[in-house]
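One structure is given below, encoded as structure tokens.
In this chain, residues are counted from 1 in sequence order. Read the numbers this way: they start at 1 and go in the same order the structure lists the ligands and their atoms. It should be emphasised that the depicted structure is a prediction, and the values quoted were computed from it without experimental measurement.
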Amino acid sequence: MARPAKLRCVAQLPNVGFFKPVGIPASVLQGIRISLEELESIRLKDLEGLEQEECAQQMRISRPTFHRILESARKKLADALINGKAIQIVGGNFELAQRLFRCGNDGHEWNVPFEAIVKKLPLSCPKCLSGNIQPTPLPQFGLGRGCGRRFRGGRWR
Ligand SMILES: [Zn+2]
């Protein structure tokens with residue numbers, strides 16, 4: 001039996017999940033599917049401009065694995081742009097990075113997904129509503145204490 005694919009750490013979910021070229025009837029429109037971890041590889045390498053080694057560490061995978069994911073992502077996007085195909089961002093095997101926050105009042109600790117932090121920092125403890133909260137120190141590379149929400153086989157687990 002095949003070993004389940006190792007989950008890749010993803011820090012952000014995209015705002016848009018579907019791109020479609022203008023003027024092509026749906027009946028003849030072709031599309032490519034790009035996974036969330038493929039998109040994350042593009043974000044880290046091509047948008048953030050990180051070195052491959054840093055990208056691999058952020059996604060918690062080996063450098064060769066990162067390279068393979070990045071190449072696959074670039075090839076799909078190039079195919080879509082050159083040949084006028086729709087792009088669907090869907091699925092993958094990944095964990096969503098999250099960051100641990102701690103309440104200075106009652107010591108309550110809770111995780112906040114990275115995507116939520118990007119939109120809005122938490123302001124108060126969900127338990128006692130104290131505003132005396134702090135993110136716990138980051139172990140490395142700006143990501144929280146591991147990843148949390150798991151997406152595998154087409155759904156959140
Ligand atoms: Zn509290």
### Task
Give the minimum heavy-atom separation between Ala80 and Ile32, together with the two atoms involved.
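For Ala80 and Ile32, the tightest heavy-atom pair comes out as CB-CG1, 3.9 Å.
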
### Message
How wide is the angle at the Zn ion (ligand 1) spanned by Cys125 SG and Cys128 SG, rounded to 10 degrees?
### Response
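Cys125 SG and Cys128 SG form an angle of 110° at the Zn ion (ligand 1).
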
### Query
Taking the Zn ion (ligand 1) as the vertex, how big is the angle to OD2 in Asp106 and SG in Cys103, rounded to 10°?
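Once rounded, the angle between the two atoms at the Zn ion (ligand 1) is 130°.
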
### Query
Would Asp79 and Lys85 satisfy salt bridge (charged side-chain N to carboxylate O under 4.0 Å, His left out), going step by step from the backbone distance to the final call?
CA-CA 7 Å; Asp79 178 31; Lys85 296 181 179 178; 2.9 Å; yes

### Message
Under 4.0 Å between a side-chain nitrogen and a carboxylate oxygen: does that hold for Glu71 and Arg68?
### Response
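The answer is no: the pair does not qualify as a salt bridge.
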
### Query
Measuring from Phe101:CZ to Gln134:CD, what's the distance to the nearest 0.5 Å?
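Between atom CZ of Phe101 and atom CD of Gln134 there are 10.0 Å.
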
### Query
So, is His108 placed with an N/O/S atom under 2.8 Å from the Zn ion (ligand 1), counting both backbone and side chain?
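Not a single backbone or side-chain N, O or S atom of His108 is under 2.8 Å from the Zn ion (ligand 1).
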
